[in-house]
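Letters go in sequence order (proteins before strands), and every chain restarts at 1.
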Protein chains: 2
Amino acid sequence: MKQKVTLKQIAKELDVSISTVSKALKDSVEISLDTRQKVKAFAKLYNYKPNNIALSLKNRKTKTIGIIIPEIVHHFFTTVIGGVEKVANEKGYNVIICSSNNSFDKEVINLEMLASGSADGFILSVAKETQQKKDYHHIEETMSQGMPVVLFDRIIDELVCDKVIIDDGKGAQTATNHLLSLGCKKIAILTTVDYISVGKLRTNGYLRALRAYDITAREDYILKIEDIDNCESEISDFLENKDVDAIFAVNELFAVTAAKILDEQGKKIPDDVSIVGFTDGILSKHFIPSLTTISQHGEEMGIRAAKLLIDKLEGEEDVPEEYKTVIIDTSLIQRQSTKK
Amino acid sequence: MKQKVTLKQIAKELDVSISTVSKALKDSVEISLDTRQKVKAFAKLYNYKPNNIALSLKNRKTKTIGIIIPEIVHHFFTTVIGGVEKVANEKGYNVIICSSNNSFDKEVINLEMLASGSADGFILSVAKETQQKKDYHHIEETMSQGMPVVLFDRIIDELVCDKVIIDDGKGAQTATNHLLSLGCKKIAILTTVDYISVGKLRTNGYLRALRAYDITAREDYILKIEDIDNCESEISDFLENKDVDAIFAVNELFAVTAAKILDEQGKKIPDDVSIVGFTDGILSKHFIPSLTTISQHGEEMGIRAAKLLIDKLEGEEDVPEEYKTVIIDTSLIQRQSTKK
DNA sequence: TATCCACACGCAAACGTTTTCGTAAGGTTA
DNA sequence: TAACCTTACGAAAACGTTTGCGTGTGGATA
């Protein structure tokens, strides 16, 4: 088992100094051609690779981006990661991914861990618990130590930093408008509790769309689901004996669950009830009927977030602070769950 | 913007030496109680956190596990990651995730990058291209440098290291047996091309099950799909005018795509055709009808892989090399796509 | 008073790099 | 031959830690 070879070892073998080896490998003119070639040959033979840790310590940067997301087993977030990776790799950055599992504590731990030397900056979507607690000290602290942070999707208005979001309200409005334009009048919404920022925004968009059509929103058409894991029974209770002709669901799971329940009730989609979801994931695409949905363009979000972050990382040190909020366009993908 | 505070700075402020600060923070008896308290108070005030990079360099270990997977936007792999994270976090390890995007080159780059200082060991599932090329020098090299590697799912028989797999053949056999026991006689299989190890193993399991039932396998009941992105048309062609009463698909996507096509052909599931899939993902669970499938227990795989790796990392240095192959049990999850 | 021992702390090396600066040897110029 | 310039290399600092060991101070002991 040959251990990793270091400059020191090469230097010893070749009976030159460490600095000579380092310079030779970098093709410095300070070193004679002869020595350069000898060193390089030796390095190649022993498969020398500079130690990243040492480089990080020396350069005081890691060339690594930290991503912290609420869930790793989640299609939307993974598409965002995909986008980040794309840009990061192009620019020679590595990516560390951690999941907070929607726990505030784990978010804090992960952030502090990565912040103490492992990453130069962060792309993050905050945990549910964090949004609930409204405690952002860990993020503020990270920024105040000079590490840029880009928030995406589940952002925090109070925090001054770069952000990448979709216009959740507008997306929801588009979805609802689509249903209205199809002639639907009794449109229910399946949404989340209010402390989830995106849930609230989407609910508002739904309400706005109704208002624009002079339709009075009805309390009993709004279901704020508490426990996602148990959404089936909540939705089932909600839909029982309810006379709706359309459903707007703020995520995929709610949409397909509703579809399933309607199916069991003997209702036809889209003939009896139309459904529009949010997030263009695998479920929407492959479900029968396939679901009309609002695409969030996750990969694009990742790309933009990564670019913003890298710009900050590679930008001038003392350029006046300037923070951007990028709003990614959503788009309606029309499929089978809404009639033409 | 207060920069990160270091031992040196604290030492300077308090007019003591760096070592005193370090020891004080560690509650060393060498340092007087008085000084200790002073240092700690100051450190807390300035929110001192030891620099991980420096620690890694000093200790020659990073307390980080590298995961390299073929795809990040993939339910099964993310569940594995979930399992790895669970164990890793318990044991104080960090996790770096990279995706090879099924490209050999990217796999090599990622591995070399992480191997040069960023991670102590690896958990990896190889890229399609790597299986095709049969070039494993990068993995061998990593191991020869003393970094343990645990392979999972898409493993490489030739490589001597820890492995975590499911018994793909047995799983496929279970699936096929299930169909046979329901009285199905004309069972088709939708599988991948042979160089994907798990695809081949599953195909073999299918064949074995048929043989045990004294049913001769028919070439025209076997579809080896080349291009996953284009599976719909391949499956559609395959299924046209084909008189089958059951389908075993080696993954979720093939299963639902087949279901969709059958639906369009006016065939009822499970009455006309039964379907069994592989991988218990979101699609299988939420599809209508929900799919009977073989669960791979991804999280469990992750947990076992992480444990194996950490055991190696924390084990004695010169204990005789010993490698384990853990086989995770698969299980049949019976749902609506196969009749009772 | 000379010796010894705790006590409390500092020095320095080490981890693997990069880079600035210094310098010896040899050659060129005046 | 003295002054100078190249060429080719080495020494050392720096990044932030940890830790073994050395050491000055003061008090206790003989």
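Across all strands shown, A:S22 has heavy atoms under 4.0 Å from base atoms, whether or not it also approaches the sugar-phosphate. Residue contacts shown for A:K61 are absent, as no nucleic acid heavy atom lies under 4.0 Å away.
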Counting primed atoms, P, OP1 and OP2 as sugar-phosphate and everything else as base, the B/S/- map of nucleotides 7-14 of chain C against protein heavy atoms under 4.0 Å is -BBBBB-B
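The ring pair (Phe, Tyr, Trp, His ring centres under 6.0 Å) check on B:Y48 picks up nothing, with sequence neighbours excluded. Partners of B:Y323 under the side chain to side chain donor-acceptor pair (under 3.5 Å) rule, at least two apart in sequence or in another chain, are B:E321. Every side chain to side chain contact (heavy atoms under 4.5 Å, CB included) that A:N101 has, sequence neighbours left out, goes to A:S99, A:K106. Every residue two or more places apart in sequence or in another chain that forms a side chain to side chain donor-acceptor pair (under 3.5 Å) with A:S197 is listed here: A:Q131. Residues forming a side chain to side chain donor-acceptor pair (under 3.5 Å) with A:T78 (at least two apart in sequence, or on another chain): none. Residues passing the ring pair (Phe, Tyr, Trp, His ring centres under 6.0 Å) test with A:F42 are A:Y46, sequence neighbours excluded.
Remark: the backbone N or O of B:V126 is paired with a side-chain donor or acceptor of B:R154 at under 3.5 angstrom.
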Please table the atom pairs, donor to acceptor, closer than 3.5 Å between any side-chain atom in residues 305-314 of chain A and protein atoms at least two apart or in another chain.
unit_1 : atom_1 : unit_2 : atom_2 : d
A:K312 : NZ     : A:D162 : OD2    : 3.2
A:K312 : NZ     : A:E322 : O      : 2.9
A:E314 : OE2    : A:Y93  : OH     : 2.9

In residues 15-22 of chain A, what donor-acceptor pairs under 3.5 Å come from side-chain atoms, sequence neighbours left out?
unit_1 : atom_1 : unit_2 : atom_2 : d
A:S17  : OG     : A:S19  : N      : 3.4
A:S17  : OG     : A:S19  : OG     : 3.1
A:S17  : OG     : A:T20  : N      : 3.2
A:S17  : OG     : A:T20  : OG1    : 3.0

Listing, residues 112-119 of chain B side-chain donor-acceptor contacts under 3.5 Å, not counting sequence neighbours, or none:
unit_1 : atom_1 : unit_2 : atom_2 : d
B:S116 : OG     : A:N52  : ND2    : 3.0
B:S116 : OG     : B:E112 : O      : 3.0
B:S116 : OG     : B:M113 : O      : 3.0

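Here C:dT19 presents its P atom at 13 Å from CG of A:L25, a figure rounded to the nearest Å. The CG-P distance, from A:N59 to C:dT17, rounds to 12 Å in whole Å.
In summary, contact between chain A and DNA chain D, defined as any nucleotide atom under 4.0 Å from a heavy atom of the protein, begins and ends at D:dA8 to D:dG16 in the 5' to 3' direction.
Rounded to 10 degrees, the angle separating the terminal helix axes of the helix from C:dT1-D:dA30 to C:dA30-D:dT1, each built from five base pairs, is 80°.
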